[in-house]
Each structure stands twice: as C-alpha cells, then as structure tokens.
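Here is the structure we will look at, set down as structure tokens.
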Amino acid sequence: DNQIQQIEELLSIGGFKLKYVIRSGQTPPDKATVDGRSVKVLGYGWNTMDDFMFPSVGEINFNRKIRGSKKPNTTPIETVEDLRHLLETIVLTKRTIASKLAELYDPASIWEPLKLKLKLEFTAFNGRTWDDALTVEEKSKWSGYLEEYMKLGDLRVSRCVVPPDAEDLSMRMICVSDASEKAGGAAIYATFKLRSGKYSAQQLTARSHLMESTVPRNELEAILIMTYAAHVTYRSMEKYVEDILYFTDSRIALCWVHNKERRLKPYVHNRVVTIKRLMRWADIQDEVPLFHVAGSRNIADLLTKDLGFSTDLVDEKSEWHTGSDWMKLPLEEMPIVRYEEIAYTKSEVTSLTSECYEQPFVTLMVEKDCPDAMKTRDIMENVPNEVFQERIFTISMMNEEPDEFIVDIVRLGWNRAKRRMMIYKRFVAYLRQKVCTKKNREYVPKDRLGMEAEIEYAWFKNESKAIK
C-alpha cells in the first residue's frame, strides 16, 4: 500500500492519474479485463486470481493488417480442424510464416526453446523472396507447427518464484549455457533455500542466438550470453541475490575462461575478457565461479538440439521451468566438476591450443634465466621481476597486463605508435638473430603480420584493463 501511494504521489506531480491498481489474488477491475479473469502485461496474459502468466496469443489470422488491424476470419479458428480447413484455402509464404513468428512475443524468454525451434526452421527460407510459396513438404511441416502453435495459449507459469516454505528472500542464481553448430543460449534460475535444507528452483529468464561458428567458439559465445543475462538479472534484483553460480558442459570453453597461462587469439580473448568483466560487475571478485556439468544434466540443451516443436517441453511442470534436480542441492553436493579437476584428452588439447598463440620466443630466455619456472603454468609466478624488466616485449605479450607501454598510444595515435613499436620489435629481433647466430642456435623471426598482431593484441589487453 505504501508503494502504491508513493507511485500515485509521484505521478500526480506530472499531472498523471492511475486508472486502476491490480493486485494478485484479486479479481481485476472491469476496465482492465476482457474475460473477467486476466489482464495483459508486457505482452503476456496475467491471471490475477491464480497468479500465473501465459502467452498472449490470439486467434490465428493470416489476413494482412490494414491501419493497424486485421480483418476477422470468415469462420472463427477454434479447433485444429478449423485451422486445417483454413490452410487448404491459402498459400503459405515466407512472409506469412515470419508474421506468425513475430506474433509470439516473449520478452522474458520464458518459452525460449519454442521460439528458437521456429527460428531454426525459418533459416531454411534464407535467400528466398518474401512472397515465394512454400513447397508441398514445407507446407505440411509448417502446418504441423501451426497446429501446435494453437496450444500456446494453454501454457502457464507461476509469476512468483519464491516458494511459500523458503527460509528467507536470499536468492541463489544458477546460470546454465550450451551451444551446438547452429544455435546456443542460456537459462537463468532462481533458487531459494527451503526449511528442509534443500533448494527450490524456478526459471527466471533465458536467451538464445543463432550461431554459425565452430562448436567450441559457440560454447564460449553461449557463456557470454549467460553472463550478460545473469548481469542484467542481477542488476534488476540486486538486493535479493546472495550468490551466482555459472555452469557449462564445454570443457574447452571452460578452460579458455579460466586460462591464465597462454595468450589467447583475439576472438576468444575478447570474449573471455568480457565474460570476466560481467562477472566482476555482478560483484564476483574472487575466482571465476564457472563449473562443468555433464551435458545430460544441462537443461540448456533444449536451446541447441532439434527436439521438435511441442508445448510439452515447456509446460508448467517441465524441467525447463522447475529446474533440474541437481540445481536443488547445495554446491558441495552438486554432480559438477571444477576446472582444476579436469584432465583433457589429446583432441581437446588440440582444440584448446588452436585458439592460443604460440609461446613467444623470449620465453626460452626466461626459462634459461629461471630454470625453476615451468614452461607455462608457473612462469608468471616464479620468474623474478628483474628478469621481466629486461624482457620488455615478453611482458606485453603475456597474460599479465603491464602498467604502461614504452610508447604513448594516446599521444602518438594508433598508426604512429604502431609504426614506432614495429621499429623496436624489429631491432630486438635483429639483436636476437645475431646472438643466436653466434651461439649456433636456430632462430626464425616473425614476419611483419605476426609482429603487428602481437602489438595489437597487447594494446587491446591494455585497453580492456583501462575500460574496467
């Protein structure tokens, strides 16, 4: 009541007045409802008495809009037989299918697997004009989808995610991601500790994208989608969130995110930096809370595979909405694997290193000066500072970011600073070649493109540090 009063007072300052106030558990005012039970809220239907949400989809109508409205169907489409009769009298085109997809408005992505399935099927029309008619096989397939589309209005999900037997309002967010060759996405769940000691689980939101890269890259992109969705969700209910846990079923992407040893190539590096930044913005300051969960236990798998277009996948009692059983356990009891516990196979190592730069040649000199340092994992921890001060270019190419560069990028500008840095690198390469020639060591200097790539990579890392 106090919040409603404050809103009314605030609106009155601007000369606005509320028409009505709707509360859960009460019948909506006559001005706000058509059927006497529900109202429309942000594209959803809300049954105020039973407090559940449902997709606000109307009767299937293929007539074109004229001045913002469609001409009603000659015969109401109330049953599957009515729809089949209608489909026999019209020509389905890319345009009509796209209009049906646009009508499924789901801003919170509560029923994201269904939307993604339709988007994946719609990609078969890429390259066609909008008024190209569907083939007989395509029309038969989409007729089946439209018949299932009629059932969307029967879906429902509880608006409230806090169970009645929760200990308090402290929420633990569980975020899961997955990807395949064609698509990937993430789902966010709210879990509350119950008086029994276990946790509840209820879906909050989800996100998905169509993808076309390699599976490991797509998995990393899905983790980025997950952290972004988690960040937005966290900021909207910050005072209730006590902890955030992230899960993926990709061991390769998991390693890239946890990596502190190898120089990643720009595509992977930029996404890893953004993922960690989004985690920090969610007040995660310590180690990355990203864990591995088996693919068979990852409910985000619904956003990657073709499991058909069926409302049964996302109904109120489905795993998609109520979460997997392992989400309802304390972290120490979950069937997950931490990064430190993973042993990678040879094929996984090949995929991992394909997105990493080769170790810079100066690393050989560091190993000679510091024989106690390992080639990768311990090199940043065991090499004394004075050694790094003598290896200017090694510092700029390792994962640890330098405090400053030997050229002022801001003062000189990108192109001039890059040319000057190239002069320095060529001079160092010339000196190394002379030393190696004297000592009969093999040395192959990098070409111009390789040197430019190393310079730009180091600068991008420094820029990312400044943005933080």
Side-chain angles (χ1 to χ4, degrees), residues 1-58 67-69 102-112 115 153 155-175 186-193 200 202-207 225-244 277-284 321 467:
D1 292 336
N2 186 35
Q3 289 180 340
I4 294 174
Q5 183 181 355
Q6 290 176 358
I7 292 173
E8 288 178 337
E9 292 175 354
L10 181 63
L11 291 175
S12 64
I13 296 175
F16 299 97
K17 185 178 180 180
L18 290 176
K19 292 182 179 179
Y20 45 78
V21 175
I22 304 174
R23 303 168 184 264
S24 59
Q26 299 179 2
T27 304
D30 294 336
K31 294 181 180 180
T33 181
V34 176
D35 57 8
R37 300 185 307 273
S38 62
V39 295
K40 287 189 176 181
V41 180
L42 299 175
Y44 298 105
W46 175 31
N47 186 306
T48 58
M49 286 297 295
D50 298 325
D51 201 16
F52 65 81
M53 313 286 286
F54 57 91
S56 182
V57 293
R67 295 184 178 180
S69 61
E103 288 178 11
L104 180 53
Y105 185 62
D106 181 20
S109 301
I110 298 174
W111 295 282
E112 190 68 15
K115 290 163 53 182
L155 291 172
R156 60 170 62 187
V157 62
S158 174
R159 182 194 62 83
C160 181
V161 298
V162 184
D165 56 340
E167 283 189 352
D168 51 39
L169 295 180
S170 298
M171 182 176 72
R172 181 185 67 174
M173 275 174 51
I174 290 186
C175 316
I188 312 295
Y189 291 82
T191 66
F192 293 86
K193 191 169 185 180
S200 68
Q202 179 72 35
Q203 187 219 13
L204 283 175
T205 185
R207 286 291 181 271
I225 295 172
M226 173 178 66
T227 52
Y228 178 77
H231 168 70
V232 173
T233 306
Y234 169 77
R235 289 303 180 191
S236 65
M237 48 183 66
E238 187 172 344
K239 65 178 181 179
Y240 300 109
V241 179
E242 183 179 45
D243 194 12
I244 307 178
R277 183 184 301 133
L278 289 169
M279 288 182 177
R280 281 195 299 274
W281 286 348
D283 287 345
I284 296 174
H321 281 303
I467 293 174

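The residues of the chain are indexed from 1 along the displayed sequence.
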Closest approach of Tyr44 to Ala108 (non-hydrogen atoms, all atoms of both residues): OH-N, 2.9 Å

For the atom pair OG1 (Thr205) and CD1 (Ile188), what is the distance rounded to the nearest 0.5 Å? 7.0 Å

Spacing of CE belonging to Met171 relative to CG belonging to Asp243, to within rounding of 0.5 Å: 10.5 Å

Mind checking the NZ-OG spacing from Lys17 to Ser12? Nearest 0.5 Å is all I need. 10.5 Å

Could you go through Arg159 and Asp51, starting from their C-alpha distance and side-chain angles, then the distance that decides it, and tell me whether this counts as salt bridge (charged side-chain N to carboxylate O under 4.0 Å, His left out)? CA-CA 6 Å; Arg159 182 194 62 83; Asp51 201 16; 2.6 Å; yes

Closest heavy-atom pair and its distance - Ser109, Arg207: OG-NH1, 2.9 Å

Atom CG of residue position Leu42 - does it have more than 12 heavy atoms of other residues, nucleotides or ligands inside 6.0 Å? no

Please step through side chain to side chain contact (heavy atoms under 4.5 Å, CB included) for the pair Val57 and Glu103, ending with a clear verdict. CA-CA 7 Å; Val57 293; Glu103 288 178 11; 5.9 Å; no

Give, for atom OH of Tyr228 and atom OG1 of Thr233, the distance between the pair rounded to the nearest 0.5 Å. 10.0 Å

Looking only at heavy atoms, the pair that brings Val161 and Gln203 closest together is CG1-O, 4.3 Å

Taking the side chain as C-beta and beyond, is there a heavy-atom pair between Leu278 and Arg280 under 4.5 Å? no

Measure the OH-CG distance between Tyr240 and Leu169 for me, rounded to the nearest 0.5 Å. 6.0 Å

Do Phe52 and Val157 have side chains that approach each other closer than 4.5 Å (heavy atoms only, starting at C-beta)? no

Restricting to non-hydrogen atoms, name the atom on Ala166 and the atom on Phe192 that form the minimum distance, rounded to 0.1 Å. CB-CB, 4.1 Å

Once the angle between the rings of His231 and Trp281 is folded into 0 to 90°, is it parallel (under 30°), tilted (30 to 60°) or perpendicular (over 60°)? tilted

Interatomic distance, NZ@Lys193 vs OG@Ser200, rounded to 0.5 Å, equals 12.5 Å

Any chance CD of Gln3 has more than 12 other-residue heavy atoms, nucleotides or ligands included, within less than 6.0 Å? no

Judged by modelled atom types alone, do Asp30 and Thr33 share a side-chain donor-acceptor pair under 3.5 Å? no

So which atom in Tyr189 and which in His321 form the shortest heavy-atom distance, rounded to 0.1 Å? CE2-O, 4.2 Å

Determine whether Asp106 and Pro55 make a side-chain contact, defined as any pair of heavy atoms from C-beta on separated by less than 4.5 Å. no

Can you tell me if Lys115 uses its side chain to pair, donor with acceptor, with the backbone of Leu104 under 3.5 Å? no

Is the shortest side-chain heavy-atom distance between Val34 and Lys40 below 4.5 Å? no

For Phe54, does the six-membered ring have the charged nitrogen or CZ of Arg156 within the cation-pi criterion, i.e. under 6.0 angstrom from the centroid and within 45° of the normal? no

Close side-chain approach of Pro28 and Trp46, heavy atoms under 4.5 Å: no

Would you call Ser38 and Asp35 a side-chain contact if the rule is heavy atoms closer than 4.5 Å? yes

Please check this pair: side chain of Thr191 against backbone of Arg172, looking for a donor-acceptor N/O pair closer than 3.5 Å. yes

Can you name the nearest heavy-atom pair linking Arg23 to Thr48, along with the distance? O-CB, 3.9 Å

